[in-house]
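Right, one structure below, let's go through it.
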Amino acid sequence: MTEASEHLLSISYPAEFKPGAVSAVTTCLRIDPAEKVTLITDRATEPIAAALGAQLAERGCEWNVFLLEDLAPRPLVDMPHEVLEDMETSQVSIFAVQVQANELHSRMQMTDVVNRRHMRHAHMVNITPEIMCQGMRADFNLVDRLSQKVLDRVRKATRIRATTAAGTDITAEMNPGYKWFKTSGIISQEKWGNLPGGECFTSPGEVNGTFVVDGVVGDWLCARYGLLAATPLTIEIAGNRIVSCTSVNKRLEEDFWAYTHTDENSDRVGEFAIGTNLGVERVIGNILQDEKFPGIHIAFGNPYGEHTGAPWRSGTHIDVVGLGFNIWLESESGQEQIMREGRFLIAA
């Protein structure tokens, strides 16, 4: 065991973290004692990493931990080579870090290794004690069953319409050449996943309409602006691109507009997703968990083309979450409503 691993195991953590750590290591990642794991963390997340490390030690697998501040200045410009080198000989990786502004490039360097080597990767960006005691305690086998039922339906859909009482009214035309995926928390080599998990996603063909963000926005804007029920952001979308965005919080409006105009595709809808984590009962102001809240979220920017098949790319990716959705799927066999006022009409 390395000195860094021994140090991590010496750190105390709340007993309430253990169930979530057990779920991550045994249920979600299904780590075998014969496998090697790369655990990446930072000082702010050390107690949660310590809970994860304790479970890795209990499994008896080989594992190395890397504390980002020991390797490079923050915010990261690039993922430290020590981390990427260790991942080259691991079957599993866990990223439990409080991210900072402009670090997306370094995370993409990490997931490039994950994708190339078909690793099982748990992406625990901005994981908090609250999430460890809520979303990470979900019954991920139940979430997986619901996610599979949603996946079976959306893969047949040619069009999806979604509305909310707050004013969202969007229509998404599906591209049959793009793939749908589920990231239910049960992580496979096919697609790395966020933890807590619970969503089905694709890159849409074309989205049009109004999306009212009364939940949260993603990336570093999430920590800055938190819950948006009192100051929603209204986004007008035409031809899959942002036409306008408005909010009574003008700083939010300006920051979101700037973020979604970083490069030529930053304003393009790259992800269309349905949250399926039944253990998430409300949004809390943390995109890692909030995007799993039952309902619709979309993202502007990078479409995860290596998985979805979308042929374009962006250096940015920002999710937006709304609340209380009604969702209808249209296919050759007709129309089916799968959610009413935020509640699934599909039994798990």
Side-chain angles (χ1 to χ4, degrees), residues 16-32 35 37-40 45 48-49 51-52 55-56 59 91-97 107 111 114-115 118-155 179-202 218 271 273-284 286-297 299 304 307-308 319 321 339 344 346-348:
E16 291 79 9
F17 289 0
K18 183 175 179 180
V22 170
S23 283
V25 170
T26 63
T27 304
C28 299
L29 286 166
R30 304 178 314 286
I31 295 171
D32 187 274
E35 293 184 305
V37 181
T38 301
L39 173 59
I40 307 149
T45 321
I48 293 173
L52 294 166
Q55 292 307 309
L56 294 175
R59 293 294 287 174
Q91 291 75 46
V92 180
S93 55
I94 303 172
F95 184 79
V97 170
R107 298 197 298 278
T111 55
V114 169
N115 294 332
H118 302 288
M119 299 172 68
R120 303 197 308 283
H121 173 76
H123 210 52
M124 304 177 78
V125 171
N126 294 334
I127 186 76
T128 64
E130 187 175 17
I131 294 175
M132 284 297 287
C133 298
Q134 288 185 23
M136 281 306 300
R137 287 192 174 193
D139 180 345
F140 286 107
N141 289 311
L142 177 67
V143 173
D144 187 63
R145 289 196 297 274
L146 173 62
S147 300
Q148 187 61 53
K149 289 187 175 184
V150 171
L151 186 69
D152 291 341
R153 287 165 167 80
V154 295
R155 280 179 168 168
K179 296 180 181 178
W180 277 93
F181 284 87
K182 66 170 180 175
T183 54
S184 62
I186 307 299
I187 296 173
S188 69
Q189 291 179 299
E190 182 183 28
K191 173 68 178 77
W192 58 267
N194 292 325
L195 285 184
E199 66 174 312
C200 294
F201 77 93
T202 188
E271 177 186 354
I274 299 175
T276 57
N277 190 323
L278 298 175
V280 178
E281 298 178 350
R282 64 185 187 279
V283 292
I284 61 172
N286 187 308
I287 194 65
L288 174 65
Q289 177 167 298
D290 292 343
E291 68 175 3
K292 313 310 184 309
F293 183 75
I296 294 282
H297 67 272
Y304 300 131
H307 300 293
T308 63
D319 296 274
V321 179
M339 178 173 283
F344 276 107
I346 303 169

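A 4.5 Å side-chain heavy-atom check between R155 and T202 finds every atom pair outside the cut-off. With a 4.5 Å cut-off on side-chain heavy atoms, I287 and H297 do not count as touching. In this structure, S93 and V114 have side chains that are in contact, with non-hydrogen atoms separated by less than 4.5 Å. When side chains are defined from C-beta on, Y304 does not count as touching N115, because their heavy atoms never get closer than 4.5 Å. The side-chain heavy atoms of I31 and T26, taken from C-beta on, include no pair separated by under 4.5 Å. A heavy-atom distance below 4.5 Å is found between the side chains of I186 and T27.
Taking both residues in full, the closest heavy atoms of C28 and G185 are given as CB-O, 2.8 Å, listed atom of the first, atom of the second, then distance. In this structure, F181 and H307 approach most closely via the heavy-atom pair CE1-O, 2.9 Å. I48 approaches I127 most closely through the heavy-atom pair CD1-O, 3.8 Å. Closest approach of V143 and S184 over heavy atoms only: CG1-O, 3.4 Å. Residues L288 and K292 approach most closely at O-NZ, 2.6 Å, considering heavy atoms. The two residues A51 and A21 make their nearest non-hydrogen contact at O-CB, 3.6 Å.
Ring-plane geometry between H121 and F95 is classed as tilted, the angle between the planes lying from 30 to 60 degrees on a 0 to 90 degree scale.
The distance from atom OG1 of T183 to atom CD of E190, rounded to the nearest 0.5 Å, is 11.0 Å. Once rounded to the nearest 0.5 Å, the distance linking CG of D139 with CG of L146 reads 11.5 Å. Atom CG of residue L142 and atom CG of residue N277 lie 9.0 Å apart, to the nearest 0.5 angstrom. Annotation: the span from R120 atom CZ to E35 atom CD amounts to 4.0 Å, rounded to 0.5 Å. The CZ atom of R145 sits 13.5 Å away from the CZ atom of F140 when rounded to the nearest 0.5 Å. Put simply, SG on C200 and NZ on K149 are 13.0 Å apart, with the number rounded to the nearest 0.5 Å.
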Legend entry - Worked verdict on M124 versus L52 for side chain to side chain contact (heavy atoms under 4.5 Å, CB included): CA-CA 11 Å; M124 304 177 78; L52 294 166; 4.1 Å; yes
Take K18 and Q55 through the side chain to side chain contact (heavy atoms under 4.5 Å, CB included) test and state the conclusion after the steps. CA-CA 8 Å; K18 183 175 179 180; Q55 292 307 309; 3.8 Å; yes
TODO: Report the C-alpha distance between N194 and E291 in whole Å, list the side-chain angles of each, state the deciding distance to 0.1 Å, and finish with yes or no for side chain to side chain donor-acceptor pair (under 3.5 Å).
DONE: CA-CA 10 Å; N194 292 325; E291 68 175 3; 2.7 Å; yes
For this session: Show the numbers, then the answer: is there a side chain to side chain contact (heavy atoms under 4.5 Å, CB included) between H123 and R107?
Result: CA-CA 10 Å; H123 210 52; R107 298 197 298 278; 4.2 Å; yes
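Under the side-chain contact (heavy atoms from CB on, under 4.5 Å) criterion, D290 pairs with V216, V283, I284, not counting sequence neighbours.
Of the listed residues (V154, V150, T308), just one forms a side-chain contact (heavy atoms from CB on, under 4.5 Å) with W180, and that residue is V154.
In the model, D152 has a side-chain atom that pairs as donor or acceptor with a side-chain atom of Q148 under 3.5 Å.
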